[in-house]
Every structure is written in C-alpha cells, then in structure tokens.
Amino acid sequence: MNKKKIIVFGSAGNLGMYYIDYLQENLDLSEYEIIAAGTREKYPFKFYTGTYIQVDITNEKDFEKLPKENVYAIIDFAGVLPAYLEKDDPHKYIDVNVTGTLNILEYCRKVKADRIIYTHTWAELNGYLKEKKPLKPNVPRKPPYKGDHAIYTITKCAAVDLIECYHHLYGLKNYIFKLPNIYMYSPEIYYYVDGEKKYISYRYMIQKAIKGEDIELWGDPDLGKDIVYVKDLCQMVFKAMLTNKVETGQYNAGTGKKTTMREQIEGIIKVFSPKDKPSKIIECREKRNCDDFVMDISNIKEDLEYEPKYDYISYLEDYKKEMNLNRFIKE
C-alpha cells in the first residue's frame, strides 16, 4: 500500500518540532507517512526517527529530493521572523517568505498535492488593536508599516496571496492560520526586537518564579492577551490537514478568551514557585502596557470543529512537564 505523504517544512523549528511530535502521537501511520524537511543536515531531536530530507526552500533544485507521488498535504512552518534576526534583512524575508513559498507551491502543483497549510502572522490585524474588540479572521488587512514587523508582515501577506492564487488556478486546498505569540516550552529565552536582544518575557518570568524571586507586573494589570498553547495550534493544523468539510479558510489561532496580565503572573507563581517561597508581584503601572486582545475563533470552531484543550493553568502545567522531560534540546 502506498501511504499518503505529509511533508512538514520547517520541521525543526519551534512549531515544527511540536507538530512532528503531535503527528507521531495522533496520525494513523498505517495510512500516512511523515516526511520532515528543513535546512539542517539531520533532524536535531531524538524523539523523531522517521524520514528527514534536507531542503532549502529558496533553492528550486532541492525540491528534486522530495517525493513525486502520493503527496497529500504540505505543512509550511518555514519562514524568517524578526525575533530571530540580529539585524533586519528585507532580502531574507523576500527570499524565504515569498520565493520560498512560491517554490513550495510549484512543488504542490507538480506533484498534485491535495492541500497546503500555512502559518501566517496576526500582525496583518495590527490596525484593529485600538478598537478593543475581538480580532476577526476575515477582515481587510491593516498591517504595520513601521517597525521590525513591517516588511516581515508584508512578505507573509504576499505568501498568503500566492497560496490563494494557486487555489483558484489549480484547486489547491489551503488553510491559513494567523498566529499571535504561540506559547510553548523551549530552552531558548532570548529573541530580538528591532535588532536588540531581549528576554522572552513569559519564559523569563517562569525562571524568576522557579527561583522564588519577585516578578514585575508592567502596565495596567487588567489588560491581557489570548494565550494559545502550541499543542492547541497542533490540534488546529491537524484538523485542517484531515478535514473534508471545507477546502479553504483563514483562521485565528487562539482560545477566544483573554487572560489578564495579573492572571498570567499569578498562574506562573502558582505552577512554578516553591510553595515555601512563592514569588511576589511588584506592580509597575508606569511601565508600558501589553497588547490587549482576544481572538475571534468562531469560524475555526464551525469549519474544523476545534475546541481549545488547554486553559491558562493547564498550559503552564504541560509546559512544566515538557521542561522536565527536556525533549527539545537540539543535538
């Protein structure tokens, strides 16, 4: 029996590594075959021992290494993000996010893949934040035109338009997920903002809580975010990968609920602080506020029958479990 092939680009990145793990746990491997793809010479995590193919998506010739038959689904986590660039590089955004996506789409066309799933950025909704309403998934774009996310967002939008074009030209099914920050355990605690190295705030606060140290609560403590855990994102992508209900859709990755900054830090202290030495919250209202938002997830619940499995506390508890298992240390 020729198994249907599922190719995961960006398989060793933060999202890809969790999705490869999710596929191994949830996919019927008698019917489907997982193929991990990425730029590394070999797959860096021990939990996956399946097929891995080194592919640079900016290089058309590299796609010759991939299967030509029975390609069912393409999961595209590949991309360049400002958070991982020490210096803003517009050419890199174009090369990977636009040219790379076009190369993937051409591969889909040639092998007659059934569908593609793409992780987009919620930054295209940036202009709606000030309205203080749930962010809807199907509204005209209002991306930023300043800051380190501007060109990045423009290139991600161009990729989405290319994917939609291939749907109309060739019938390629497509499912686009607009991602805010996706919360997950990873040993990395730094990222870049406008080229400046900074702590990833929630991971930094978790480290403080583990030590029982004071944690600063910046800005208005009643502002908050829609906190979506990586394993709920995996659930969304998995449902899109197997659905026969719809052929195309744009969806917000979220829970539909807001967790305030106070609730976030209280939860971190509850789960991670020593019981005999819990961290104290130090309010710093004079410091900057967080982005205040919640995602409208009504269409993903309808189309893909998605229901979040992780609330804020259960996400932290699973984070702690993954941290202790230490599965995501690169070789």
Side-chain angles (χ1 to χ4, degrees), residues 8-11 13-16 18-19 57 73-85 92-105 108 115-129 134-145 147-168 172-184 225-226 228-230 232-241 243 246-256 291 293-300 303-304 306:
V8 182
F9 290 100
S11 61
N14 284 339
L15 301 181
Y18 273 94
Y19 194 63
I57 64 171
I74 303 296
I75 317 299
D76 185 5
F77 293 124
V80 175
L81 288 77
Y84 301 121
L85 291 181
K92 200 159 190 176
Y93 292 134
I94 294 291
D95 291 343
V96 177
N97 297 344
V98 180
T99 303
T101 301
L102 180 59
N103 288 339
I104 289 173
L105 289 168
C108 290
R115 63 191 61 199
I116 184 171
I117 296 165
Y118 185 72
T119 48
H120 187 26
T121 172
W122 78 305
E124 76 157 43
L125 304 174
N126 182 266
Y128 294 98
L129 284 173
L135 297 175
K136 295 188 177 298
N138 292 304
V139 290
R141 291 173 180 149
K142 290 187 179 181
Y145 291 107
D148 66 347
H149 272 63
I151 296 176
Y152 161 72
T153 304
I154 290 166
T155 59
K156 294 290 280 186
C157 290
V160 169
D161 287 343
L162 284 169
I163 292 168
E164 183 65 17
C165 179
Y166 271 63
H167 170 67
H168 287 280
L172 180 66
K173 297 172 188 173
N174 69 85
Y175 309 89
I176 310 297
F177 292 94
K178 299 177 185 181
L179 274 53
N181 186 32
I182 302 298
Y183 290 74
M184 71 187 80
K225 302 178 178 182
D226 195 328
V228 59
Y229 187 41
V230 65
D232 270 333
L233 175 66
C234 289
Q235 182 204 158
M236 299 175 209
V237 173
F238 189 78
K239 286 180 178 293
M241 192 180 76
T243 188
V246 291
E247 293 190 353
T248 182
Q250 295 204 19
Y251 306 106
N252 285 333
T255 66
D291 287 331
F293 70 93
V294 66
M295 293 297 208
D296 180 336
I297 61 169
S298 54
N299 70 331
I300 189 174
D303 289 0
L304 303 181
Y306 161 73

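Being a predicted model, the structure only gives us computed values, none of them experimental. In what follows, every heavy atom counts, from backbone to side chain, and hydrogens, waters and symmetry copies are set aside.
The only option from Phe77, Phe9, Phe177 that meets the ring-ring contact (aromatic ring centres under 6.0 Å, His included) definition with Tyr19 turns out to be Phe77. Exactly one residue among Val237, Val246, Ile75 makes a side-chain contact (heavy atoms from CB on, under 4.5 Å) with Tyr175. That residue is Val246.
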Take Arg115 and Cys108, measure what side chain to side chain contact (heavy atoms under 4.5 Å, CB included) needs, and give me the verdict at the end.
-> CA-CA 8 Å; Arg115 63 191 61 199; Cys108 290; over 6 Å; no
Please report the C-alpha distance between Asn181 and Trp122 in whole Å, then the side-chain angles of each, then the deciding distance to 0.1 Å, and finally whether the side chain to side chain contact (heavy atoms under 4.5 Å, CB included) criterion is met.
-> CA-CA 9 Å; Asn181 186 32; Trp122 78 305; over 6 Å; no
Verdict with supporting geometry, Val228 and Ile182, side chain to side chain contact (heavy atoms under 4.5 Å, CB included) = CA-CA 6 Å; Val228 59; Ile182 302 298; 3.5 Å; yes
Carefully, step by step, assess Leu102 and Val98 under the rule side chain to side chain contact (heavy atoms under 4.5 Å, CB included).
-> CA-CA 6 Å; Leu102 180 59; Val98 180; 5.8 Å; no
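A salt bridge links Glu124 to Lys178: one of the charged nitrogens lies within less than 4.0 Å of a carboxylate oxygen.
To the nearest 0.5 Å, the span separating CD on Gln250 from CG on Asp303 amounts to 12.0 Å. The distance from atom CG of Leu162 to atom CG of Asn174, rounded to the nearest 0.5 Å, is 11.5 Å. Taken from OG1 in Thr248 to CD1 in Ile116, the straight-line distance is 11.5 Å, to the nearest 0.5 Å. For the atom pair NZ (Lys142) and CG (Leu129), the distance works out to 10.5 Å, reported to the nearest 0.5 Å. Interatomic distance, CD1 of Ile163 versus NZ of Lys173, reported as 16.0 Å (0.5 Å rounding). The CG atom of Asn252 sits 6.0 Å away from atom CG of Leu125, with the distance rounded to the nearest 0.5 Å.
Between Val230 and Leu15, the shortest heavy-atom contact is CG2-CD2, 4.2 Å. For Asp226 against Met295, the heavy-atom pair with the smallest separation is OD2-N, 3.0 Å. In terms of heavy atoms, Gly256 sits closest to Ile297 at N-CD1, 3.8 Å. Here the closest heavy-atom approach between residue Thr153 and residue Ala123 is recorded as OG1-CB, 3.3 Å. Looking at every heavy atom in both residues, Val96 comes nearest to Gly79 through CG1-CA, 3.7 Å. Across all their heavy atoms, Asn126 and Pro144 have their closest contact at CB-CD, 3.9 Å.
Judged by distance alone, with hydrogens and angles left aside, the side-chain atoms of Lys156 form no donor-acceptor pair with the main-chain N or O of Tyr93 at under 3.5 Å. Side-chain atoms of Asp296 never come within 3.5 Å of backbone atoms of Pro137 as a donor-acceptor pair (strictly under, hydrogens ignored). A donor-acceptor contact shorter than 3.5 Å links the side chain of Thr101 to the backbone of Asn97.
Asp161 pairs by the salt bridge (Lys or Arg N to Asp or Glu O under 4.0 Å) definition with Arg141, not counting sequence neighbours. For Tyr306, the ring-ring contact (aromatic ring centres under 6.0 Å, His included) criterion is met by no residue, not counting sequence neighbours. Residues satisfying the ring-ring contact (aromatic ring centres under 6.0 Å, His included) test with Tyr118, not counting sequence neighbours, are none.
The number of heavy-atom neighbours closer than 6.0 Å to NZ of Lys92, taken from other residues, nucleotides and ligands shown, is 12 or below.
Contact annotation: the side chain of Met236 never approaches that of Tyr251 to less than 4.5 Å [non-hydrogen atoms, C-beta and beyond].
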